[in-house]
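First the structure, in the form of structure tokens, and then the observations on it.
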Amino acid sequence: MSARKHPEAPKVRGVKSVETRHYEERAELFRALGSLDRRSFLKVAAAAAGAALASGVDIHRQSFSTVSVAHAAKEEKEAFTFAYISDSHLYKRSLNDRFVNSLLRAVDDVNALDPQPDFVLYGGDLAQLGQPEELDLGAEILKNVKAPVRMMVGEHDWFLDMGEKWKALFGSETYSFDHKGVHFVVLQSVNEKDFWTERGMTPMERMLTVAGLDNGIQSRFEVGKEQREWLKADLGHLEKSTPLIVFSHSPLYHYYEPWNFWTVDAPEVQKLLERFASVVVIHGHTHQMLTHRVGNIHFHGMLSTAWPWPYAPEGLPKLTVQMNRPDPFDPHDGCGDGQVTVHPDGLVDKLYALWNRNPMEVSSAYMRARGGKEKPAAPNLASF
Ligand SMILES: [Fe+2]
Ligand SMILES: [Fe+2]
């Protein structure tokens, strides 16, 4: 059986580039995914990466640098790293395999990290329309991540069956854990007020409504009272000096309401976090480089593996290192994955591993100085 060409692969007079061959191999892998065990997957992935390296073509490009790891070794012996992959928006494989290939690429990236991260955070929106086939496909691919994976849910995973399938695959959507002296909390920040019952919507109509961010029908996201009470109790036993990192799919501050880059009760959640010396919130949903600080809380967005959203027209938080408009002819531009180095005080160096550009690091020193020093360099490609 001949492999189908990746739609973005370069073509030069009938000669297949290494990248084309790489994508073809990945397409084969994708087709066989259901029957591959973990060991076979890793073997195929390693072979593809090895072939690329041998030809001098960087298939992984500059997705991950050792910048964060170097920081850790030099400054803080106790620092550790975790990687993230987010917002893959998988469709059924019969409809779209581009986003599947992007998620496979991110899995390759994190599996190639040396040393390996302590864990990988998946930032939500694994599926596009919450369908069982989409979520099963995502779960199957994520099984091949070598490091432990911590899951977070996004609105695209949730609103078809209100999280039933996602929870069956991945467990509770709200939980906390401790790792190397840091307390981690994972929230479900995409609850909405019931706009569907009164309108007599089917589950798919509800899902499609939420998937369209600016339809004017749905309510804004919220963490909700029940989870805020859970959070208050969860944090209750901690000293205020405890390093705290919160994962939420939507930003826990008010960014841009018309697109639902917004969590209504973010100020109330912030209140629960304000007694801690410093807090880091890592969020998905916005699909862009985005950095903010409110008092003691440092916010960092995650890149999507599927597509970048444009920036909100109202303007950006001032600590954001603005990514120029991505190249509309390169579907990978503005996409990527990333890595977070956690220092003993809980502050982080946040690496945006852009697939088509140099990696961008927003350091803890930049955040501590409120932008006054260690300002990251601008992205390395022109605006389009
Ligand atoms: Fe998303
Ligand atoms: Fe989202």
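In what follows, every heavy atom counts, from backbone to side chain, and hydrogens, waters and symmetry copies are set aside. Read the numbers this way: they start at 1 and go in the same order the structure lists the ligands and their atoms.
- Here the Fe ion (ligand 2) is the vertex; the ND1 atom in H285 and the OE2 atom in E155 give an angle of 90° (to 10°).
- If you look at D125 and ask which of its N, O or S atoms sits nearest the Fe ion (ligand 1), the answer is OD2.
- Checked against R150 for a side-chain contact (heavy atoms from CB on, under 4.5 Å), the options Y175, F82, F170, Y122 give a single hit: Y175.
- W355 pairs in a side-chain hydrogen bond (donor to acceptor under 3.5 Å, both in side chains) with only one of the listed residues (D109, D333, D330), which is D109.
- H249 lies close to the Fe ion (ligand 2), since one of its N, O or S atoms is found at a distance under 2.8 Å.
- For the pairing with R220, the side-chain contact (heavy atoms from CB on, under 4.5 Å) check across D265, T263, N260, V190 returns one residue only, N260.
- If you run side-chain contact (heavy atoms from CB on, under 4.5 Å) between V107 and each of V120, T305, V145, only V145 comes through.
- Taking 2.8 Å as the threshold, D87 does not count as a candidate ligand of the Fe ion (ligand 2), since none of its N, O or S atoms lies below it.
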